[in-house]
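Working notes, structure below.
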Number of protein chains: 2
Amino acid sequence: MNKQSYLAAAEQHCLHRGCKLTALRRHILELVLEYDGVVKAYQVLADLQRERGVAAPPTVYRALDFLVEQGLLHKVDALNGFVVCSHFECNHHGLILVCEQCGRVEEIDASQFLGALKEVTEAVGFESREQNLLLTGLCKACHA
Amino acid sequence: MNKQSYLAAAEQHCLHRGCKLTALRRHILELVLEYDGVVKAYQVLADLQRERGVAAPPTVYRALDFLVEQGLLHKVDALNGFVVCSHFECNHHGLILVCEQCGRVEEIDASQFLGALKEVTEAVGFESREQNLLLTGLCKACHA
DNA sequence: AGGGAAGTGTTATATAATAACATAATGACT
DNA sequence: AGTCATTATGTTATTATATAACACTTCCCT
């Protein structure tokens with residue numbers, strides 16, 4: 001999926017969810033898309049400043065938070081960063097793989113093992129709501 | 001396991017691994033043990049300052065990092081905090097459950113589903129090294 | 001005792017995130 | 001079109017989190 005169709009799909013996705021991908025939000029999503037893997041909020045902020053002159057942290061954080069809320073981005077807490085979600089359509093439950101060497105980020109669908117996970121958590125009476133699953137290691141290219 | 005025997009075991013654990021649980025590190029571990037769930041570095045710092053007069057962030061962070069490295073604590077990135085690992089002996093692979101309501105943290109052994117997880121990651125050629133698995137939701141008591 | 005390694009102290013600063021309030025744009029309704 | 005509530009954005013300041021860099025000490029080995 002190229003960037004233009006991704007953005008169009010993202011826009012539709014927001015509409016379906018009853019909110020809007022405004023110009024600013026779209027712009028910030030585009031800035032994130034420029035990167036391959038994880039992006040930091042302040043990188044995006046710097047990019048935005050380069051393009052618009054001024055911009056303050058809340059501008060960026062608000063947009064990023066919105067995009068996360070809509071499932072268009074994932075927050076990668078372990079790295080204080082954000083990454084594009086490539087399959088926001090499906091009610092995805094992703095597992096994020098971060099390569100320590102090249103920094104690349106891969107998001108894989110984890111539905112296979114989420115069943116097993118649910119069993120384990122339910123066994124202790126825990127009702128899961130949000131997930132934050134991340135692995136670091138070496139990607140295919142880097143450990144080959 | 002009470003605190004005294006935990007500390008003794010922790011000390012042994014470090015020795016076996018060829019390093020030392022110094023007075024400072026032990027002290028900071030004790031401070032973390034005072035809390036039920038997740039503790040922030042600056043909380044520990046404040047506690048330390050209350051007891052010793054002065055203390056600076058690096059003092060705390062270095063000790064916390066050491067304790068994480070030895071497996072005595074886990075870093076909970078999603079909350080910028082640290083939590084005691086209750087089973088540092090076994091080569092544990094934990095899954096951390098954080099209750100949104102009461103703030104309690106539970107660490108469960110996830111070896112059951114790590115097999116499934118390994119299958120999934122290996123399928124894409126990723127060689128995992130470190131894990132960062134966290135779920136938020138409601139604990140048994142809070143959703144009952 | 002000498003000397004390297006590990007640990008700790010100290011100061012300053014970098015990085016990440018949010019609070020609080022002001023202003024502007026949007027859209028629903030009359 | 002006009003008014004009004006809602007949502008979005010701008011702006012300033014501050015809080016929270018974490019690390020760099022260098023000095024000093026302690027420990028242990030020979």
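Order of the sequence lines sets the chain letters (A, B, ...), proteins ahead of strands, with each chain counted from 1.
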Any B:Thr59 side-chain N or O less than 4.0 Å from OP1/OP2 of C:dG9:
yes
Where do [X] and [Y] come nearest, in terms of heavy atoms and distance?
| X | Y | value |
| --- | --- | --- |
| A:His27 | A:Arg52 | CE1-CG, 4.5 Å |
| B:Phe66 | B:Lys20 | CZ-O, 3.4 Å |
| A:Lys3 | A:Leu33 | CE-O, 3.6 Å |

Checking A:Thr121 against B:Leu95 for the side chain to side chain contact (heavy atoms under 4.5 Å, CB included) test, could you report, in this order, the C-alpha distance in whole Å, the side-chain angles of both residues, the deciding distance, and whether it holds?
CA-CA 9 Å; A:Thr121 57; B:Leu95 174 63; 4.1 Å; yes
Measuring only between side-chain heavy atoms, which start at C-beta, is B:Lys40 closer than 4.5 Å to B:Asn80?
yes
Given side chains that start at C-beta, do those of A:Glu30 and A:Glu34 come closer than 4.5 Å, heavy atoms only?
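They are not in side-chain contact.
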Dump the pairs, protein N or O against N or O of nucleotides 15-23 of chain C, anything under 3.5 Å, distances to one decimal.
| unit_1 | atom_1 | unit_2 | atom_2 | d |
| --- | --- | --- | --- | --- |
| C:dA16 | OP1 | A:Lys40 | NZ | 2.7 |
| C:dA16 | N7 | A:Tyr42 | OH | 3.4 |
| C:dA17 | OP1 | A:Lys75 | NZ | 3.2 |
| C:dA17 | OP2 | A:Tyr61 | OH | 2.8 |
| C:dA17 | O5' | A:Tyr61 | OH | 3.4 |
| C:dA17 | N7 | A:Tyr42 | OH | 2.7 |

Between [N] atom [atom2] and [X] atom [atom1], what is the distance in whole Å?
| X | N | atom1 | atom2 | answer |
| --- | --- | --- | --- | --- |
| A:Leu24 | C:dA24 | CG | P | 17 Å |
| B:Leu45 | D:dA16 | CG | C1' | 12 Å |
| B:Leu15 | C:dA6 | CG | P | 16 Å |

Considering only nitrogen or oxygen atoms on both sides, find all protein atoms under 3.5 Å from nucleotides 3-5 of chain C and state each distance.
none

Hydrophobic cluster membership, with links at side-chain heavy-atom distances under 4.5 Å among I/L/V/M/F/W/Y: are B:Phe82 and B:Val105 in one?
no
Applying a strict under-4.5 Å side-chain criterion to I, L, V, M, F, W and Y, I'd like to know whether B:Val32 and B:Val76 cluster together.
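Different hydrophobic clusters.
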Stepwise side chain to side chain contact (heavy atoms under 4.5 Å, CB included) check, B:Val124 with A:Lys140:
CA-CA 7 Å; B:Val124 298; A:Lys140 195 170 190 170; over 6 Å; no
With no hydrogens and no angle check, is any side-chain donor or acceptor of B:Gln49 less than 3.5 Å from a backbone partner on B:Ala55?
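Between the backbone of B:Ala55 and the side chain of B:Gln49 there is a qualifying donor-acceptor contact (under 3.5 Å).
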Please pick, from C:dG7, D:dT11, D:dT9, the nucleotide with the shortest atom-to-atom distance to any side-chain atom of A:Thr22.
D:dT9
What residues in residues 25-38 of chain A put a non-hydrogen atom under 4.0 Å from any atom of DNA chain C?
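Output list: empty, so none.
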Is it true that A:Asp47 and A:Arg50 make a salt bridge, defined as a side-chain N closer than 4.0 Å to a carboxylate O?
yes
